[in-house]
**Q** 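Quick one: the structure is below, and I'll ask about it shortly.
Proteins come first, then strands; the chains are lettered A, B, ... in the order of their sequence lines, and each starts at number 1. These values consider heavy atoms only, across backbone and side chains, with no hydrogens, waters or symmetry-generated copies.
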There are 2 protein chains.
Amino acid sequence: MQLTDRQKLILTLIIHEHIRTAQPVGSKTLVQKYTLEMSSATVRNEMAFLTDYELLRQPHTSAGRVPTEEGYRYFVGNLVQKSGLPTNTRRTITHQFYQSRQDIEQWLKLAASVLANQSQAASLVTAPHSEKAIFKHLELIATRGRQVLMVLVLMGGEIRQQFIALQEPVSQEQLSQIANRLTHLCSRCDIQQMSRLKGQLDALGQDILEILLAEMALTERSATGEIYLDGMTNVLSEPEFSESDEARQALHILEERSLLENLLASTVMNADVGGIQVLIGGEGTWEELRQCSVVLARYGDPNTLTGSIGVLGPIRMPYDRTISTVRFVANVLSDLVSETLAV
Amino acid sequence: MQLTDRQKLILTLIIHEHIRTAQPVGSKTLVQKYTLEMSSATVRNEMAFLTDYELLRQPHTSAGRVPTEEGYRYFVGNLVQKSGLPTNTRRTITHQFYQSRQDIEQWLKLAASVLANQSQAASLVTAPHSEKAIFKHLELIATRGRQVLMVLVLMGGEIRQQFIALQEPVSQEQLSQIANRLTHLCSRCDIQQMSRLKGQLDALGQDILEILLAEMALTERSATGEIYLDGMTNVLSEPEFSESDEARQALHILEERSLLENLLASTVMNADVGGIQVLIGGEGTWEELRQCSVVLARYGDPNTLTGSIGVLGPIRMPYDRTISTVRFVANVLSDLVSETLAV
DNA sequence: TTTTAGCACTCTCAAGCTGAGAGTGCTAAA
DNA sequence: TTTAGCACTCTCAGCTTGAGAGTGCTAAAA
């Protein structure tokens, strides 16, 4: 679809104005507000053209125009200027990461919070996760009686902890010995390699190895790491979600982990690190997202550890700014991950 | 305030009916629906009495009656029958805990999910937390270069992890040695006792001890453990939150961690384990909760590890059922905590 | 050929009105 | 003390109406 420069200008202005006001935009208003060098009639003709191409829509005969989802897609694909974030915003964000505790969990929470605040929408951040579970380190810590706390560290820094109940009480000394032995034996092994080591272990060691294997298999099976959400209440203040049923639908997809994993798995997980994906109005697939748009990105090291971040807001969303923010935060997280977690 | 049995009955029925329908309740409706052995005029007289005592309210002259917050308080304090949960519900819940992975995090998430589903409202669960940080176990795990992952286990099973950057690279062997030495030295020590041990350590050991102390101090300072939320979208379907601005206010207090910690600190943290606290309409203190009620309980071992659980819903909430559910889940968690985490 | 002024037309939305319905309080009788 | 009866009050959904905003079309101007 080829538009003239003037048509592109008018589409852009309508989208800008509509994002600002949440109202249909009329020809006269547009000429006045932006002091265009043409009459409203000319604008009307162009609007009619854009409406024919389904980039604009009229809510009713005598209302102004509203961008269609197709219109937003054209805008995001062709017209949005990749401005990048203003320098002082970048500085503020970097500063916050620099100031926070050196702890992935904190960073991820902070990332979610930054995204939510900057975009005034709901945000999600998944912990970096590797498709392949590689053993790194095991600790066994006696708590009381036969209850033992198992801490399993995977290559890449994912930590899994679990209580296990042994057949009979074992002292901390013994537990440490077993943990050491397993750590040495299994170092840098994947599930297959580890399951071949059973023969070299006594009964207790085998039991624990079983539990390790189960835990690692579970990690491999899950599509993402821990999920952090923030800013759910932000979207409630948007006028399109003033009837809370709409909001409920949209937020439900964030709250229901399985839905969210599905969404991520079929979109951003196939994308390259560094690329941005924009889902507008559910793209015909995601019924619950019909009223929303989602801006997603992947961060981390494509070959080992990756996670996703995203922003969920109304379709009427300031895409340029949101995309810049998501891209910037993804880069910051990528840097942090490669600095601290990489092998 | 002393009410006759009949007045109590009528108040109870009005509250039941209002909770069911979210509408003002009229005298005639009440007599019909509950086939009362008296005329609507009698009911009207009693209603007038209850209205004088500010237990009921008329939204306008010719509408039925609606319970006031005072009315709900009287109801919760005097009239709610402590039925306990039906046996099969209890079984279902217990079963879910029994089936889940043996892992506090899973249990807490499950508790939040159970509360949200059973009460069809928003729920919160805080991880068990001890006011006093007592050292139990330390692990140091080399990641790469000078980055080290520190895992600190406190008495009671709280786990804190953090990346630290050492002055110069140290091998995993050496790290394990240091961790072992510190674990032995500090075992069962509190912050004061630990800070006296500096003299017995080399430079690196002292650095790490400093970090440990900072981390433990941070833990002591924070009022609660990790917070798990669920069911935020449940409250969006209640008619009183159909204008999403109301919902926004209410949910915001859950999302903003500092607000929530404040709320917990000034209510449930002073209560006994086992007791239930019901906040109705913010009780004049919590502006954001004017439209909501919160049912809170504390679980765990009062002397060592405690956490809070709660349900946030509309004032028009099925208190009997919610209170039973909260009490039951608190007991389940208390049992789990004392079985697995206690010293 | 493109742009613009002018005009008739369309549709929404807020305001005002209205009657049905639900509920009340009061009074007098049971 | 309870109840039947009645006049009264208030809301709410449905309807009408006029102002306002915006459109498409046509014919003239550039």
Side-chain angles (χ1 to χ4, degrees), chain A residues 2-11 13-18 20-68 71 239-240 242-243, chain B residues 2-11 13-18 20-68 71 239-240 242-243:
Chain A
Q2 199 49 50
L3 302 185
T4 67
D5 282 354
R6 193 168 66 188
Q7 286 159 352
K8 288 179 184 170
L9 174 68
I10 288 177
L11 179 57
L13 292 182
I14 288 176
I15 289 181
H16 267 129
E17 188 63 11
H18 180 65
R20 242 176 37 81
T21 63
Q23 295 294 324
V25 183
S27 55
K28 215 166 152 187
T29 329
L30 205 63
V31 173
Q32 274 180 3
K33 278 243 172 96
Y34 294 88
T35 53
L36 296 182
E37 301 283 302
M38 59 191 114
S39 79
S40 64
T42 311
V43 174
R44 277 204 289 285
N45 288 332
E46 298 291 32
M47 280 175 160
F49 179 89
L50 293 169
T51 307
D52 278 349
Y53 278 82
E54 307 221 310
L55 299 173
L56 296 180
R57 190 167 46 86
Q58 277 182 293
H60 48 266
T61 329
S62 79
R65 297 308 209 285
V66 165
T68 61
E240 37 269 85
S242 70
E243 282 162 56
Chain B
Q2 199 50 47
L3 302 185
T4 66
D5 283 352
R6 192 167 68 187
Q7 286 159 351
K8 289 179 185 172
L9 174 66
I10 288 177
L11 178 58
L13 292 182
I14 289 177
I15 288 181
H16 268 127
E17 187 63 12
H18 179 66
R20 244 176 33 84
T21 63
Q23 296 293 326
V25 183
S27 54
K28 216 167 152 187
T29 329
L30 205 63
V31 173
Q32 276 181 0
K33 278 243 170 98
Y34 295 87
T35 52
L36 295 182
E37 301 284 302
M38 59 193 112
S39 80
S40 63
T42 311
V43 174
R44 278 203 289 285
N45 287 332
E46 298 291 31
M47 280 176 161
F49 179 90
L50 293 169
T51 308
D52 279 349
Y53 278 82
E54 308 221 309
L55 299 174
L56 296 179
R57 191 167 45 87
Q58 277 182 293
H60 49 266
T61 328
S62 78
R65 300 305 211 284
V66 166
T68 62
E240 37 269 84
S242 69
E243 280 160 58

**Q** Could you tell me which non-hydrogen atom of Pro67(A) sits nearest to which non-hydrogen atom of Ile15(A), and how far apart they are?
**A**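 So the minimum-distance heavy-atom pair works out to CG-CG1, 3.7 Å.
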**Q** Do you know the tightest heavy-atom contact between Pro24(B) and Pro59(B)?
**A** CG-CG, 4.0 Å
**Q** Quick one, Leu30(A) and Ile10(A) - any side-chain contact, counting heavy atoms below 4.5 Å?
**A**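 Yes, close enough: below the 4.5 Å cut-off.
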**Q** Hey, what do you get for OG1 (Thr21(A)) to NE2 (His16(A)), rounding to the nearest 0.5 Å?
**A**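 Atom-to-atom, Thr21(A):OG1 and His16(A):NE2 are 12.5 Å apart.
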**Q** Looking at Thr42(A), Val43(A), Leu13(A), which one forms a side chain to side chain contact (heavy atoms under 4.5 Å, CB included) with Val31(A)?
**A**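 Running side chain to side chain contact (heavy atoms under 4.5 Å, CB included) over Thr42(A), Val43(A), Leu13(A) with Val31(A) returns exactly one hit, Val43(A).
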**Q** Mind running side-chain contact (heavy atoms from CB on, under 4.5 Å) on Leu3(A) and Leu55(A) for me, showing each step along the way?
**A** CA-CA 11 Å; Leu3(A) 302 185; Leu55(A) 299 173; 3.9 Å; yes
**Q** Set out, in order, the CA-CA distance, both residues' side-chain angles and the distance that settles side-chain contact (heavy atoms from CB on, under 4.5 Å) for Val25(B) and His18(B), then state yes or no.
**A** CA-CA 6 Å; Val25(B) 183; His18(B) 179 66; 4.1 Å; yes
**Q** Measure all distances between protein nitrogen or oxygen atoms and nitrogen or oxygen atoms of nucleotides 11-18 of chain D, and list the pairs falling under 3.5 Å.
**A**
none

**Q** When all nucleic acid strands are considered with a 4.0 Å heavy-atom cut-off, which category describes Ser40(B): base, sugar-phosphate, or nothing?
**A**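 Nothing, no heavy atom under 4.0 Å.
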**Q** Taking for each residue the nucleotide of DNA chain D bearing the nearest heavy atom, is the 5' side occupied by Glu37(B) or by Pro24(A)?
**A** Glu37(B)
**Q** Going 5' to 3' on DNA chain C, which nucleotide is the first and which the last to come under 4.0 Å of a heavy atom in chain A?
**A** dT3(C) to dT12(C)
**Q** Check whether any side-chain heavy atom of Arg44(A) sits under 4.5 Å from a side-chain heavy atom of Lys28(A), and report yes or no.
**A**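 Result no, sub-4.5 Å side-chain heavy-atom pair not found.
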**Q** Go ahead and write out DNA chain C as dot-bracket, 5' to 3': ( ) for pairs within the strand, [ ] for ones crossing earlier pairs, | when the partner sits on another strand, dots for unpaired; Watson-Crick or G-U wobble, both distances under 3.5 Å.
**A** ||||||||||||||||||||||||||||||
**Q** List the atom of Arg57(B), the atom of Thr68(B), and the distance in Å for their closest heavy-atom pair.
**A**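 Of all heavy-atom pairs spanning Arg57(B) and Thr68(B), the closest is CB-CG2, 3.6 Å.
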**Q** How long is the span from the CD atom in Gln7(B) to the OG1 atom in Thr4(B), to the nearest 0.5 Å?
**A** 3.5 Å
